[in-house]
Amino acid sequence: MTATLAATTTITTPSVAYHALAPIFIVLGAALLGVLVEAIVPRRERFSVQFLVTLAGLIAAFVTVVLLHGTRTATPSPRGNNPAFAGSIGVDGVGLFLQGTILLLAVLATLLVAERSFDTGSSIVASAATVVGSPEDRRLARTGRVQTEIFPLLLFAVSGMLIFPVANNLLLMFVALEVLSLPLYLMAGMARRRRLLSQEASVKYFLLGAFGSAFFLYGLALLYGYANSVDLVNIFEAQRTSGQSDVLLYLGLALLLVGLLFKASVAPFHSWTPDVYTGSPTPVAAFMASCTKVAAFGALLRVLYIGFSGTQRDWRPIIWAVAIASMVVGAVFGITQTDVKRVLAYSSIAHAGFILVALVAVSKASVAAVLFYVLTYGFATLAAFGLVMLVRDADGEATHLSQWSGLARKSPLVAITMTILLLSMAGIPLTSGFMGKFYVFQAAWHTAGPLVVIALLSSAVAAFYYLRIVVLMFFAEPPENAPTVSIPGAASAVALTVGLVVTVVLGIFPQPVVDLANNAVSLVAR
Amino acid sequence: MHNLALVILMAIPLVASIGVFLLKPSQGRIAKIVSLVVALAIVVYVVVLTARFDTAPHAPRFQFQGSWVWIKAFGVHFAVGVDGIALVLVLMAVVLVPAVMLASWTSFDSRSGAEEEIVGTRRRSAKNFFALMLLLEFFMIGVFVATDVFLFYVFFEAMLVPMYFIIGSFGGPRRQYAAMKFFLYSLVGGLLMLASVIGLYVTTGSRTFAISELIGKVPDGATQKWLFLGFFIAFAIKAPLVPFHTWLPDAGAEAPAGGAAILVGVLDKVGTFGFLRYCLPLFPQASAYFAPAILILSVIGILYAAFLAIGQRDMKRLVAYTSVAHFGFIGLGIFAFTTQGGTGAVLYMVNHGLSTGALFIVVGLLIARGKSRSVNDYGGAAKVTPLLAGMFLLAGLSALALPGMSTFVSEFLVLVGTFTRHNGLAIVATTGIILAAIYVLYLYQRTFQGLVSTRVEKFRDLNVREVLAVGPLIALIIFLGFYPKPLLDVINPAVKYTLSDVHKTDPAPKLGPVAGGLK
């Protein structure tokens, strides 16, 4: 890990490297523009204008990230009396890689949100505040009206996700956590069909998320008590110099981890995941499952590798335990599920465990492995959720597994695409999932050999439920009231194609992205 | 080192498979003809390769080598090459494919052609079956010619996918269960092997997966034993060796007969091939350490599976169990660490592929006529279908290793090779031959002899296409039974190389003249 000094010790006013923050500013600017659009653009045009603003903002931010590629800067902490000027934001290789991944995935998620050809309006509710089942609600549901605020909300969430993995200051990290979470709570409740379920998911996510945030904040407070600073670098140094009780340090770290692991949906802090993914509008679930996870692991990486790299021996057993718990819970509970979205939720819990396996081995290779894995996982999961949107009956999406029987007869293309994505999640060679797994396990082998074996065995268990879906789609007869398979509109067709292509291409030619991840391994602490 | 011969060999079925997939379902006939022509062309291609393979005493171990960087960051190469063992197995695999295609020609066209009536199923797409066969052929060639452990692993696992669809889409009534069981068993083994592959990469520290670079690099001790076990269990499941065999009867019974022929004939050979190519050279000390246990498991397998085969009523399950017994012989030959045993085991793999392939195909032809897998539904068929009965008997006799059949040569070599080192085990294993005679002849007797059952009365005998599917395989078995030299010449140097990797030399010959005469 390289550490570069951004500012000299004599300057008293913080010099903010605005160019390094440009992607965040662009997304935030687009979000604010979206709020304005909501106020001035007539309702008829609003959807397309919002869509364009969101897409343009995300793509512009992505281009900026690409231009920043190779920069290693830190912008100073607001604590002016600190002579070292520890950076509160470290825009480094890892941060840029994660930001780029998040932005690309967010573009695809936006395309899914904007898909209007399946349902009247879209999969987003017409008016989230209207009482469910009221005459007004029924009337609005038949119109093409959509709660277009979802687009600025998505942008706000993305801006939080962009800050989350580059924050070197715990207070800033907490703010980013809230900025990314609050819009997600709202978005979870905006499903057009099964609105009560969606609202339940929203409330559940909010309440549990609030707990998670509170844990994080409490941990932060204890760490401040220990190190007299909320900068990760100072916390790291305090571990050698501080005269405070170690209880503060360990309890603080533990509480901090609870908050972070909650967001990353790692067992045993995963219980919200299946319910929230099921209740949320599917494009929002796709967004949460891919982008939030990338951001959360970025933050986890930063906290553990910068703030606590000196106390590896103390936190490693904890990560071991939660990694095993997550893989086992994801694999075993996934088997009993009967709903496609819940299966994908448990799959995401299992995958979180695999990423933690890499995280345990504190090395350059493990950072690169985490980066590569979250990217492959994000694209496959997003595309899989996108496919769920296609299979529909009269009540909207047909997510019960039995309704997927014989899908290959109806639409071989959808079935084959889903199969490739599921095989990737199962880690079968010639898909990106296999390369990701190989990368992670290879990085972890030395420090965590037994963990690798557990990971491999649990991925064999998880393979059962991925394969069960394949069995249903290809080998079973379709049920009486078989759902129809919608033809995707241009927007979601692009998203699905990109997800599939990334999954296949990275499975066969992973070299460029592996190189990118390897070169990105640099964490700027200050 | 950029010989394209093997890459072209792999490209042909892959390209053809994609082409056939893209045809319309209504173009089944074109799909079949294209597939068959391609499969036959591949046979010719491999025969030419075999003829050009250098068997001179100091010829290089691997020939037709080609190597290209694939994933630089992991040190993975797309490296291919064949030694004698790989070459004869590729030859066997590509010979079996057109035979299976011919035998399955009408299986998916109409109800009457299908092996079994499955209520409520729609007609299945013949085009997809042939495309999957070609895809499988690509993976089968790849798995044998890979000389990079990572590449081998990729083919080893990817091979499951087309077979899974062949069982699941075209199989019998319990095909979903069988396909799932097949996949999961293989996957568990495969993942353990992946752990070992990574371990191999990390512990040798050579930043490469090239097998030639890794030989002799694995430190002796506990690590080597663990890594060996990872590979061994994967191969033992694939082979399958008792007690890892329980998936095979299900998969073999539920797969369509053509699929079962490839599954048992070729895919399972990857397991025994893996013992020879990876377990022995990479982990010599561990191989020697575990050899006694493996030999005992092999002998148990020979006897146990033979008894189970005698008791089976389901003909396809019966054939599957006979294979488990035969894999015991192959395991015996490999882990006896003698040239005769090793050579015999490799020859056994080839012969068993041909013989079990033929047996599965004739059983499939019988089942397609009677629409039942149960032995009890048949009887006296020899009077109605003499040609089928003849083919069935010949295939059966090759399975019981009758002298004059190629299987006899290999079984004899294995037993002789084992006897020179472990005479007790060889003696016990020999009883397996008697048991084999029982299950084969008992099966033949119950189905083709005796009173003509009502179900059998209307059977039609083999037509030209069906004779062309089985005939060449039987002819090859008989030819190799009398003249195995061409294959042995190719196999022998490769086995010697392998044994020198394990630091084993043959014990002083007690049966020298006999063995020498065969060589």
Side-chain angles (χ1 to χ4, degrees), chain A residues 365 368 372 405-406 408-409 412 416 419-420 423 426-431 434-435 437-446 449-450 452-464 466-468 470-478 507-519, chain B residues 21 25 69-74 76 118-122 124-125 128 139 150-161 164-165 167-171 175-203 205 223 226 230:
Chain A
F372 186 78
S405 298
R409 295 274 167 73
I416 289 172
T419 303
I420 293 174
L423 290 178
I428 304 295
L430 301 178
T431 61
F434 167 70
M435 291 296 171
K437 280 216 172 81
F438 179 82
Y439 208 169
V440 162
F441 297 155
Q442 174 230 320
W445 179 269
H446 263 311
V452 170
V453 176
I454 295 173
L456 285 165
L457 290 175
S458 70
S459 58
V461 176
F464 174 79
Y466 299 126
L467 286 177
R468 197 175 49 172
V470 179
V471 165
L472 280 173
M473 288 192 301
F474 281 91
F475 311 152
E477 298 301 314
I508 301 174
F509 300 109
Q511 184 63 41
V513 179
V514 169
D515 281 344
L516 204 61
N518 270 329
N519 294 334
Chain B
F21 258 123
V69 174
W70 179 19
I71 309 168
K72 212 164 131 237
F74 303 151
V76 176
I118 300 164
V119 185
T121 336
R122 263 184 18 164
R124 298 151 186 193
S125 158
N128 286 350
F139 285 131
F150 189 96
L151 184 67
F152 170 80
Y153 179 77
V154 166
F155 282 119
F156 183 82
E157 286 283 79
M159 201 166 63
L160 296 177
V161 177
Y164 170 75
F165 279 100
I167 299 175
S169 294
F170 301 97
R175 61 189 192 281
Q176 292 186 20
Y177 168 80
M180 189 73 124
K181 193 168 176 181
F182 158 73
F183 202 109
L184 287 180
Y185 263 71
S186 306
L187 191 67
V188 170
L191 288 170
L192 288 174
M193 182 170 142
L194 178 60
S196 280
V197 169
I198 297 170
L200 191 65
Y201 177 69
V202 176
T203 50
T223 325
W226 284 113

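A, B, ... follow the sequence lines: proteins, then strands. Residue 1 opens every chain.
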Legend entry - Side chain, backbone, both or neither of L457(A) within contact of chain B (heavy atoms, under 4.5 Å): side chain

Inset, instruction - Under 4.5 Å heavy-atom distance to chain B, tell me which part of L467(A) shows up: side chain, backbone, both or neither. - result: both

Inset, instruction - Would you check if the distance from the ring center of F183(B) to the ring center of Y466(A) is below 6.0 Å? - result: no

Legend entry - A476(A), part contacting chain B, at a heavy-atom distance under 4.5 Å: both

Legend entry - V471(A), part contacting chain B, at a heavy-atom distance under 4.5 Å: both

Inset, instruction - Could you tell me which non-hydrogen atom of A460(A) sits nearest to which non-hydrogen atom of V188(B), and how far apart they are? - result: CB-CG2, 3.8 Å

Legend entry - Side chain / backbone / both / neither for L192(B) at chain A, heavy atoms under 4.5 Å: side chain

Inset, instruction - May I ask you to decide if A195(B)'s main-chain N or O and W445(A)'s side chain share a donor-acceptor pair within less than 3.5 Å? - result: no

Legend entry - Between CD1 on residue I198(B) and CG on residue L456(A), distance to nearest 0.5 Å: 6.0 Å

Under 3.5 Å, sequence neighbours excluded: what are the donor-acceptor pairs made by side chains of residues 151-159 of chain B?
unit_1, atom_1, unit_2, atom_2, d
Y153(B), OH, E157(B), OE2, 3.0
Y153(B), OH, G190(B), O, 3.2

Inset, instruction - Tell me, out of V452(A), I508(A), L472(A), who's got the most heavy-atom pairs with chain B below 4.5 Å. - result: I508(A)

Legend entry - Side chains of Q511(A) and V69(B) in contact at under 4.5 Å (non-hydrogen atoms): no

Under 3.5 Å, which donor-acceptor pairs link side chains of residues 437-444 of chain A to any protein atom two or more places apart or in another chain?
unit_1, atom_1, unit_2, atom_2, d
K437(A), NZ, M425(A), O, 3.2
Y439(A), OH, N518(A), OD1, 2.9
Y439(A), OH, N518(A), ND2, 3.4

Legend entry - T419(A), part contacting chain B, at a heavy-atom distance under 4.5 Å: side chain

Inset, instruction - Identify which of W226(B), Y201(B), F74(B) forms the greatest number of heavy-atom pairs closer than 4.5 Å to chain A. - result: F74(B)

Legend entry - Structural part of A179(B) lying under 4.5 Å from a heavy atom of chain A: side chain

Legend entry - Pick from V470(A), V453(A), V461(A), L423(A) with the largest number of heavy-atom pairs that fall under 4.5 Å of chain B: V470(A)

Inset, instruction - Considering non-hydrogen atoms only, spot the tightest contact between S169(B) and F475(A) and give its length. - result: OG-CE2, 3.2 Å

Inset, instruction - Among the options V161(B), L187(B), V197(B), L194(B), pick out the one with the most heavy-atom pairs lying under 4.5 Å from chain A. - result: L194(B)

